[in-house]
Amino acid sequence: MISTPRYLVLLSCLLAFQPLFAQAEDPDPVRDLKPAKNRELFHDFVDKQQKEILKSDGKADKEFAPSDNEQINFFLTKAATTQVDWVQYHIEKDTLLGSQVKIKYLRGLENLLKYFNNNWRRGTVNPAELPIIIDGYEKCMNADVTNSPIDAIINQQPYDVALNLINAGIFDKNPGYQNSQYILIKKYCALHPDQVFLKLRDNTDVPFLDSLIKLAGYRDPGQLYNFAAANNKLAIAIRKINDPLVNAVSKMATSNSGRWYFPFLDEIMKGKMTISDINEVKDDTVGYYRLLVRTHLDYVQRALNKDTAYGFKELEDRIRTKATDIFVNTINSLHEIDNLSIRFKIIQPLTAEELYYLAVTTDGIIYTSSFVKGVYPLMMERINQRGDSLLMNVKFDKYRKFIKMCAGYNTLSNFLNTFQKSQTAAEENDAEKLMRAFVGKLEESKGLEDGVDVADSYASIVETIKPLADKMLLNIKANYDRNIISNNKRGIVMYDLLHKLFLSADTSNHINLSKEFGIPPVYGVPFKALANDTGRVVMQVFFYGDKDGLGIFQGFKRMFDTKLWKITTTQNWITINSIKGKPVSIYANLPLPEEDDLDKKAQDALDTFLLRNNLYPTVVIHRGHSYNAPYTIDQILPSAKIVFMGSCGGYYLINDILKHSPDAHIITSKQIGKTAVNQPFFNLLMEKVRNGNNIDWIPFWEELEKKVKVEGFEDYIPPYKNLGAIFIKAYKKAMGSED
């Protein structure tokens, strides 16, 4: 959907086409157009695409309504109908064009509309730019008629418009075509700086290859390393560039031990560390992790001094990988071992600071018992029960994440009680200062992660430390007032949202979050929002072809009573249709072997089938490991109203889901997803929907809790308690951005 804050800018663009639409109010020339017999079919092809666009918003009517604004929809409908009709009219009536040339431009117009129709729902093309696309096509067509280059026209367009124009497929003989392709690459790289190398891999003939490699390399040395290590034309081009950073990364990328050295790129480039230093510890699990943490703390100090080290992100990623693979996965896997000295033996050599990073880099992965019984107590023991000293030692890096984790694992009171006490009762103690800072200056943070951590922590704090929750509310209000005075829009929005979110946690305040934030209701999803215009509810379930996926899929199929459901199997997916109650269709790809990406191909085939048949899932279920979650999320459509992730959660998971479906109600787990919870959830949801019930989350969750008798259910977060997700939704609604 098109966000409200963009409305005025968008409307002003559309108004530029008002004279054209006004001209078209006299429809006789178009209506009475009688093409030559040999071109009637090609006009029909264009007309068919117009009709496809009109129904592509999910309703088979005479309106194209991808927006929730009637004025915008009016202009877009005019573009899909009247504006296209006039292009057809101009082509047909141009006496200077021969019949075959007219057919060429009619086929180009058909291709233009077909590409738009196939891609606007995927987010590849902005639907609001349809009038610009059609206008751009006519300009390119007019230039092409005189054999004039089209590259200047392409250069003036946004990337998605330019791409749509080139995909008309008829300008490949134009003298400006090749340069237009280069322009598209530049536009793409500017729009997606994190995908520059991926784009260049298949376009090594561009004249600006070296400059883009250097720009992208300095921005993301990690990607530079990956592509320099390959055996292809791009890798060869990278290794030929004479630049200090590119040279250093290239040498590491072609070394057998390059991955061990790369996190220390900046230190090596500056002569502060040698390859020999790393070789001394790279085969020592603890020693290497210790060097990573020590270097990271140096980088943090440099960042505080406005000096960001090259490879900072890659160093953090390496810490996360080692913390997860070596330490946390080990202690998680031993969760049934009662002897704590055995379970937590592997983390015994670590210092308090190293244990701290073990925790904050594995949020969403580390088990509750691993944190509460192992990492946290050992960390506090190593720092002599002084939480204030610990945060000083780590330079308060990621402290909001740590506080959120402590709140969620119910260790926050203990942690704060280890701080230095104040001299007098009236004086603010260090713990109070910390919690004041915890909610302070969020407007200065990058992205929304810090704000989400604050939002998520409150739900736990208000249940366990009510006095602290009350102070948080006061501090939130004080920060709101501070931003009002400084007229900081970002801060005003963030703190207003947090204040209302926190107040809503107390139901006696009767805060209507939907009304306050202008977002869909958070306490439920009405049945009518799940059903399409034919009354059918469409669901999509994603499976993956690993060993666990095969087993879960078989259990999934056994869930459905043959008296209520009918299962049909095709080459790539199964369809489960209700035979009693409301019409419900569940589509699930087969968990074909992952070795050859057959599971992914099955998902692609199902996605294509659903789109071609105007079947837009409103419920999406992920049944796979957490490392597969990004693949599921990439396929979620804006139509999704309920998204259940049967794997571990976290901010980035929620944030990425909301980028695809801003109105989604998201259910995630703070821990690893469990079939013993996932299956009862799905069963209950299926029955509610089949019976045409609204999904009211509070009674739904109470009913589910009675059915689930397994440890770990408490780690699943229902949508109405997912304050972080609500915060992201409301912030984006208010700011009209994807911060």
Which pairs with one or both residues in residues 422-446 pass ring-ring contact (aromatic ring centres under 6.0 Å, His included), sequence neighbours excluded? none
Return yes when atom OH of Tyr631 has more than 12 non-hydrogen atoms of other residues, nucleotides or ligands closer than 6.0 Å, and no otherwise. no
Counting only N and O atoms by type, is there a donor-acceptor contact under 3.5 Å from the side chain of Ser514 to the main-chain atoms of Ile519? yes
Criterion side-chain hydrogen bond (donor to acceptor under 3.5 Å, both in side chains) on Arg343 and Ser369, from CA distance to verdict: CA-CA 11 Å; Arg343 180 180 177 185; Ser369 59; 3.0 Å; yes
When you measure from the side chain of His665 to the backbone N and O of Pro521, does any donor-acceptor pair fall under 3.5 Å? yes
Answer yes or no: does atom NZ of Lys721 have more than 12 heavy-atom neighbours from other residues, nucleotides or ligands under 6.0 Å? no
Residues 319-328, side-chain donor-acceptor partners within the protein, below 3.5 Å, at least two apart:
unit_1, atom_1, unit_2, atom_2, d
Arg320, NH1, Asp317, OD1, 2.9
Thr321, OG1, Asp317, O, 2.9
Thr324, OG1, Arg320, O, 2.8

Step through the shown structure and confirm whether more than 12 heavy atoms of other residues, nucleotides or ligands are within 6.0 Å of CE on Met392. no
Nearest heavy-atom contact between Leu498 and Ala455 is CD2-CB, 3.8 Å
When you look at CD of Glu336, are more than 12 heavy atoms from neighbouring residues, nucleotides or ligands closer to it than 6.0 Å? no
Is the distance between the ring centroids of Tyr356 and Phe402 under 6.0 Å? yes
Glu428 and its salt bridge (Lys or Arg N to Asp or Glu O under 4.0 Å) partner, picked from Lys433, Arg436, Lys471: Arg436
Any donor-acceptor pair under 3.5 Å from Tyr399 side chain to Ala437 backbone: yes
Judged by atom type as modelled, is there a donor-acceptor pair below 3.5 Å linking the side chain of Lys421 to the main-chain atoms of Asn417? yes
